[in-house]
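The structure presented is a predicted model; accordingly, all values stated were derived computationally and were not measured.
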Amino acid sequence: MKIIESRSIDTLEHFNNIPFLGLLSEEEKKDLLKDSSLLNFEAGERVFNDGDSGTSMFVVIKGELLISKQQFTLTRRGPGHFFGEMSLLESKPRSATVTVLKDSILLEIDQDEFEKHVAKNSQALLYMLKNLSGRSRGDLNALAIGFEQLKAQERISLRLQRILNDTSNEIYLIDSTTFNIIESNSIGLENLGYAETELVSLNLMKLVKDLTREQFEALVSPLRLGTQSSINFGGFHIRKDGSVYPVETRLQIIDSEHYPVFVAIVENLTERHQMEEKLNSVSYYDSLTGLPNRSLVEDRLEVKMNQANRHKSMLAIILLDLDNFNKINESLGHSAGDLLLQQIAQRLTACLRAEDTVARMGGDEFIILAMVQDENDVLIVVNKIMARLHPSHKIYSHEIFAHYSVGITIYPNDGSDTKTLMRNVDAAMFQAKESGKNNFKLYTPKMLAQATRQMTLESGLRKALDRQEFVLAYQPKVDIHNGKLVGMEALIRWKHPEKGFISPGEFIPVAEQTRLIIPIGEWVLSTVCAQLKTWVSMGLAPLSVSVNLSGHQLGQKFLVDRIKEILTLTQISPEYLELEVTETVLMERPDAAVSMLNQLNDLGIQSSIDDFGTGYSSLSYLKILPIKTLKIDQSFVRDIDKPDNEANGLITKAIVSLAKALSLKTVAEGVETENEKAVLKNIGADIMQGYLFSKPLLVEEITELIIKHQNKSND
């Protein structure tokens, strides 16, 4: 025998021919295959002998095997067949000898890998247990027939004893008149804890919990009359020490030499029940935190609503979502994120009452169901939760402060069914995020409309790229001193087929939240570079185009490589592409931003800080960031010429002075009047952008404007 290094690609096909393995998903099959071994046997070799120990199951991939017992052929196995599963599940000795008839390749699956992969799939596992129950009984019949032919002169009790001692089932011969035990196999003695001399002549009613003689008489009546060949019934066996365990019994009647006897084949269901409990745990509890999962919490919500009705109280449903949890995973790794979730689960459990429910809904969401008397009680519960969650978490050597957006809805005030309440608490949590995060919101009907709008936008956004619903508009930038066109900013617009143009202020936050901003941002970069190439092919002198870069894009490891690909594909010089990053995004990850912008600068791509003055920047970073331009936010520019806006003028002047000291250019956004332009020109701003010169223009309009200005420059 030898282990085959390479694995046949056809192996998965054999799984599909095996009832319970065929129920696994393709991914589960591949995992099981990956963690198993392929063994090569030559004709005449033994796979294992009768009585060998072992906990592996084998699948025949190629060849043919003979399964026999005491020179009696039980069956043959060919490609797609499996064997050894009883030993695998129950850790019992092999009950037959397996010999290779033709050169064969077997897939060996050991017990650990079986439990790791197959036990996670309740449908496959339960099918296998059911199949094994039937298989074991069928094999017993086959064995009985074989041994009857070999030892026809032996008494039936001895014949059955030899056969059935090798099975994992308990086997009993029962006097059909007195209902006393005549004989038992070794498994029966082992499970019940009796010696053979103690068990023989013990009445069946002493072994089966709550079974009376009258009940048993009625049960076996069809066997006596010959109207049924067998009967099945469940119950509990009583051990010698008084403990009980669940069983399922199959009863048949046979003729012995002197009088009929009952043969009871009893399956101990303890392991099956334990496995079902394990499956139940997997189905209803979160494996990471041990908390109830979404499936169980929805069941408990029904129970809690009924309790609230009986006690004339209220039920608070509180949904917590971690803010910016993805940044922890990205910066410290998923193991750190898992530890944080476990610590949060422990804190939530510790601060709630025994009758309250805390569950993990998946990802970074937790939900609490708490019985309350009124809305004031709700606020007390929420404040208690937030106070417990407020202290920092120690993850490895890092101190992490977690922040939460919390939505709250109340039964019966806000809804009378599970679906409505879950929808409402989602809406409240979304509103908390929209309101700046790290706070909580009580549900109001208005929130549902906002949440519905959010879901509609998200659904539409996912289709918009494929349907080519996005377009770019370009807003010119002009020299504030001579009015010369010096560049433009690309601004995305969404032309919805039914709703028309949707404001970027409405869909960009949704794109950021869902991370759809990454593919959308890449589309903008590709489209801008393609348009620059078109203008060059028209013979127009290239102008720089600035593109907004989101925080999610800035956090991508392969952003620089992707931009290089786009520039290479479009054959555009990097100097004509400018990337704008907001001050807020820079300060969220300053060190990562410095590294990424330096890499982009090495490519020859210029960078600028957008909306400067509106965030909380550290001026020290201006010394090390490879930026060329500061863009003054329009909130400082608007009405800068008015006497009551002197503060705006002073702030703008300070920004311009700072930029000049650092050899940076300044772009004033949102310039709409000649007076605003005059003030900006007077304090030394370099470039302006706004409706005074032009609104954002679609590509045909901006092309005409570029041609007009370049012709004017050539005159």
Side chain to side chain contact (heavy atoms under 4.5 Å, CB included) evaluation trace for L332 with Y396: CA-CA 9 Å; L332 301 180; Y396 303 136; 5.8 Å; no
Salt bridge flag under 4.0 Å for residues E489 and K631: yes
I'd like to check I395 versus Q343 (side-chain heavy atoms, cut-off strictly below 4.5 Å). Are they in contact? yes
For residues N645 and R638, determine if any side-chain heavy atom of one lies less than 4.5 Å from a side-chain heavy atom of the other. no
In terms of heavy-atom contacts, does NE2 of H390 have more than 12 from other residues, nucleotides or ligands at under 6.0 Å? no
Under a 4.5 Å cut-off applied to non-hydrogen side-chain atoms, are D323 and K433 in contact? yes
To check you understand the geometry: which heavy-atom pair defines the closest contact between M314 and P412, and what is its length? CG-CD, 4.3 Å
Do L705 and F693 come close enough that some side-chain heavy atom pair is under 4.5 Å? yes
R467 side-chain N/O to P497 backbone N/O, donor-acceptor pair under 3.5 Å: no
Could you measure the distance from the CG atom of N601 to the CD atom of Q606? Nearest 0.5 Å is fine. 8.5 Å
Step-by-step side chain to side chain donor-acceptor pair (under 3.5 Å) determination, T673 to N675: CA-CA 5 Å; T673 68; N675 287 341; 5.4 Å; no
Distance from T409 atom OG1 to R423 atom CZ, nearest 0.5 Å? 10.0 Å
Do M386 and V406 come within less than 4.5 Å of each other through their side chains, counting heavy atoms only? yes
Distance col, row I344:CD1 vs H393:NE2, nearest 0.5 angstrom, shows 5.0 Å
Working note: L625 + L597, criterion side chain to side chain contact (heavy atoms under 4.5 Å, CB included); need CA distance, chi angles, decisive distance, verdict. CA-CA 7 Å; L625 283 167; L597 292 180; 3.9 Å; yes
Has N682 got a side-chain atom pairing as donor or acceptor with A678's backbone, closer than 3.5 angstrom? no
Specify the closest pair of heavy atoms between A685 and T666, including all atoms of both residues, with the distance to one decimal. CA-OG1, 3.5 Å
Could you check if a side-chain atom of V425 sits within less than 4.5 angstrom of a side-chain atom of L421, using non-hydrogen atoms only? no
Could you tell me whether a side-chain N or O of K660 sits under 3.5 Å from a main-chain N or O of G684, the two making a donor and an acceptor? yes
Nearest 0.5 Å, please: how far is CD1 in I640 from CD1 in I632? 7.5 Å
Are the side chains of L320 and I385 in touch, meaning some heavy atoms are under 4.5 Å apart? yes
Would S392 and E399 count as a side chain to side chain donor-acceptor pair (under 3.5 Å) here? Give the steps. CA-CA 6 Å; S392 64; E399 187 177 26; 2.9 Å; yes
Heavy-atom pair with the smallest gap, counting every atom of D686 and L664: OD2-O, 4.2 Å
Sort out for me which residue in I566, V524, V547, V545 forms a side chain to side chain contact (heavy atoms under 4.5 Å, CB included) with C529. I566
In short, P696 meets R493 closest at the heavy-atom pair CG-NH2, 3.6 Å
By the definition side chain to side chain donor-acceptor pair (under 3.5 Å), identify the one residue from Q556, Q553, E522 that meets it with R562. E522
Under the 3.5 angstrom rule, does the side chain of T652 hit a backbone N or O of N648 as a donor-acceptor pair? yes
Taking the side chain as everything from C-beta on, heavy atoms only, tell me whether S694 gets closer than 4.5 Å to Q475. no
Are any of the side-chain nitrogens in K477 or E580 under 4.0 Å away from the carboxylate oxygens of its partner? yes
Minimum heavy-atom separation for V297 to I367, with atom names? CG2-CG2, 3.7 Å
Tell me whether H709 contacts the main-chain N or O of K484 through its side chain, where contact means a donor paired with an acceptor under 3.5 Å. no
What pair of heavy atoms forms the shortest contact from R347 to L389, and how long is it? NH1-O, 3.4 Å
Check this for me: E701, atom CD, are more than 12 non-hydrogen atoms of other residues, nucleotides or ligands nearer than 6.0 Å? yes
Among V528, I518, I492, side chain to side chain contact (heavy atoms under 4.5 Å, CB included) partner for W523: I492
Parallel, tilted or perpendicular: rings of F470 and F507 (30°, 60°): tilted
So that I can tick it off, tell me whether E458 and R462 are bridged by a salt bridge, with the cut-off set at under 4.0 angstrom between side-chain N and carboxylate O. yes
